[in-house]
2 protein chains.
Amino acid sequence: MERTLDRVLELVVLLNDDMERDLVRRGLTGSRAHLVWELHHSGPSTQQALAEALSVTPRAITGLVDALVESGFVTREPHPDDRRATLVTFTRQGAQAGKALERDHVELARSLFADMPETTFRGFQRGLDAVVARFRSQRSTMR
Amino acid sequence: MERTLDRVLELVVLLNDDMERDLVRRGLTGSRAHLVWELHHSGPSTQQALAEALSVTPRAITGLVDALVESGFVTREPHPDDRRATLVTFTRQGAQAGKALERDHVELARSLFADMPETTFRGFQRGLDAVVARFRSQRSTMR
DNA sequence: TATTGTTATACTCTATAACTATA
DNA sequence: TATAGTTATAGAGTATAACAATA
């Protein structure tokens with residue numbers, strides 16, 4: 001079982017490195033890409049909403065948005081109903097980056113699983129679901 | 001396939017959070033724990049060797065070792081044959097932490113897989129090996 | 001009063017570059 | 001010359017706390 005855990009941890013490293021390469025190519029860091037990814041799926045969002053989505057303090061979002069504004073991925077637009085809030089919004093470049101990340105994601109899934117024998121893939125899926133389910137239940141027990 | 005990749009990425013997050021909790025309990029950060037883990041498996045090491053093992057610059061090792069010295073996990077001992085080098089060496093507290101990490105690791109493997117049906121576990125192993133093998137070959141192609 | 005986002009401050013991890021002591 | 005490790009400097013990401021503007 002330990003060997004299997006080590007193999008999982010090896011996969012984590014390989015995945016992180018691979019995804020990081022894609023991001024750098026797109027002019028993003030991991031944290032900024034996470035924000036772009038969130039914006040891509042949720043549309044224009046308040047920084048508060050982003051803070052919750054990324055599980056990070058509002059202060060950290062300020063920094064990430066500052067960086068993404070400067071590099072031309074997003075703008076801060078006034079919130080129509082709440083003058084305290086801003087809506088972080090894609091520029092054209094940002095929207096393109098969001099779509100590119102989506103494509104990279106699909107491509108990664110394909111490159112990992114596409115030519116894997118059907119039964120192997122099924123077995124992997126089943127075990128994976130079991131592990132995640134077990135983890136989730138442990139976690140909800142802890143709180 | 002995308003759903004499966006998402007599930008893998010969910011597992012990555014769950015694993016990171018879980019391991020992070022263990023480390024904090026032991027008074028370590030992720031990077032420092034990585035160094036402790038390496039020392040636990042390799043014994044007293046030069047900072048150069050640690051830099052290569054952690055895939056990080058020597059400068060980063062200086063910082064990590066400084067922090068671990070200050071918190072009482074390691075000491076810098078003179079290298080017997082090379083007066084330029086230092087041997088980063090466990091204190092008693094550090095050695096205990098190394099063993100504790102080892103126990104946490106075994107415990108994690110158990111909690112993940114112990115009561116998983118044998119066939120599910122086998123299927124998971126097989127798929128996992130296939131994914132990692134595919135990743136490794138891709139990577140070696142790239143260099 | 002509560003919420004949104006900011007400034008102020010600090011810590012961790014990392015990198016590059018210049019330098020010292022040794023090999 | 002080359003190597004081991006340091007100082008100097010910088011940048012990214014994160015956190016807490018105090019604060020301004022608005023709800």
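Chain identifiers are assigned alphabetically (A, B, ...) following the order of the sequence lines, protein sequences preceding nucleic acid strands; residue numbering begins at 1 within each chain.
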Next item on the list: Using heavy atoms to find the nearest nucleotide of DNA chain D for A:D81 and A:T29 separately, return the residue whose nucleotide is more 5′.
Entry: A:T29
Next item on the list: Please check the phosphate of C:dT14 (OP1 and OP2 only) for any side-chain N or O of B:S31 closer than 4.0 Å.
Entry: yes
Checklist line | Derivation and outcome, side chain to side chain donor-acceptor pair (under 3.5 Å), residues A:T75 and A:E77 | finding: CA-CA 6 Å; A:T75 58; A:E77 302 297 330; 2.7 Å; yes
Next item on the list: Would you kindly give the NE2-to-C1' distance between B:H79 and C:dT22, to the nearest whole Å?
Entry: 13 Å
Check: Do A:F90 and A:F73 have ring centroids that are under 6.0 Å from one another?
Finding: no
Check: Considering the options A:V8, A:T4, A:V131, which one meets the side chain to side chain contact (heavy atoms under 4.5 Å, CB included) requirement together with B:L112?
Finding: A:V131
Notebook entry, point to check: From B:T29 OG1 over to B:H34 NE2, what is the distance, rounded to the nearest 0.5 angstrom?
Noted result: 11.5 Å
Notebook entry, point to check: Do the rings of B:H40 and B:W37 sit parallel, tilted or perpendicular, given the 30° and 60° boundaries?
Noted result: tilted
Next item on the list: Could you tell me whether B:R83 contacts a base, only the sugar-phosphate backbone, or nothing, with contacts defined as non-hydrogen atoms closer than 4.0 Å?
Entry: sugar-phosphate
Next item on the list: Apply the side chain to side chain contact (heavy atoms under 4.5 Å, CB included) test between B:Q47 and each candidate in B:T86, B:L87, B:L35; give the one that qualifies.
Entry: B:T86
Item checked: Atom-pair distance (CZ on A:R84; C1' on C:dT4), nearest Å -> 6 Å
Notebook entry, point to check: Whole-Å distance between C:dT20 P and B:Q47 CD?
Noted result: 19 Å
Check: What class does the angle between the rings of A:F124 and B:F124 fall in, given that below 30° is parallel, 30 to 60° is tilted and above 60° is perpendicular?
Finding: parallel
Notebook entry, point to check: Starting at CG of B:D66 and ending at P of C:dT12, how long is that distance when rounded to a whole Å?
Noted result: 11 Å
Note to self: Reading DNA chain D in the 5' to 3' direction, which nucleotide is the first one with an atom under 4.0 Å from a heavy atom of chain A, and which is the last?
What the structure shows: D:dA12 to D:dA23
Note to self: Can you see if the side chain of B:R32 gets near the phosphate of C:dC13 - specifically, an N or O under 4.0 Å from OP1 or OP2?
What the structure shows: yes
Check: On DNA chain D, nearest-nucleotide positions of A:A67 versus B:D82: which is more 5'?
Finding: B:D82
Note to self: Classify B:T57 by what it touches in the nucleic acid, base, sugar-phosphate, or nothing, heavy-atom distance under 4.0 Å.
What the structure shows: base
Check: Looking across every strand, which nucleic acid part, if any, lies under 4.0 Å from A:I61 by heavy atom: base, sugar-phosphate, or nothing?
Finding: nothing
Check: Expressed in angstrom and rounded to an integer, what is the separation of B:L35 atom CG from C:dT12 atom P?
Finding: 15 Å
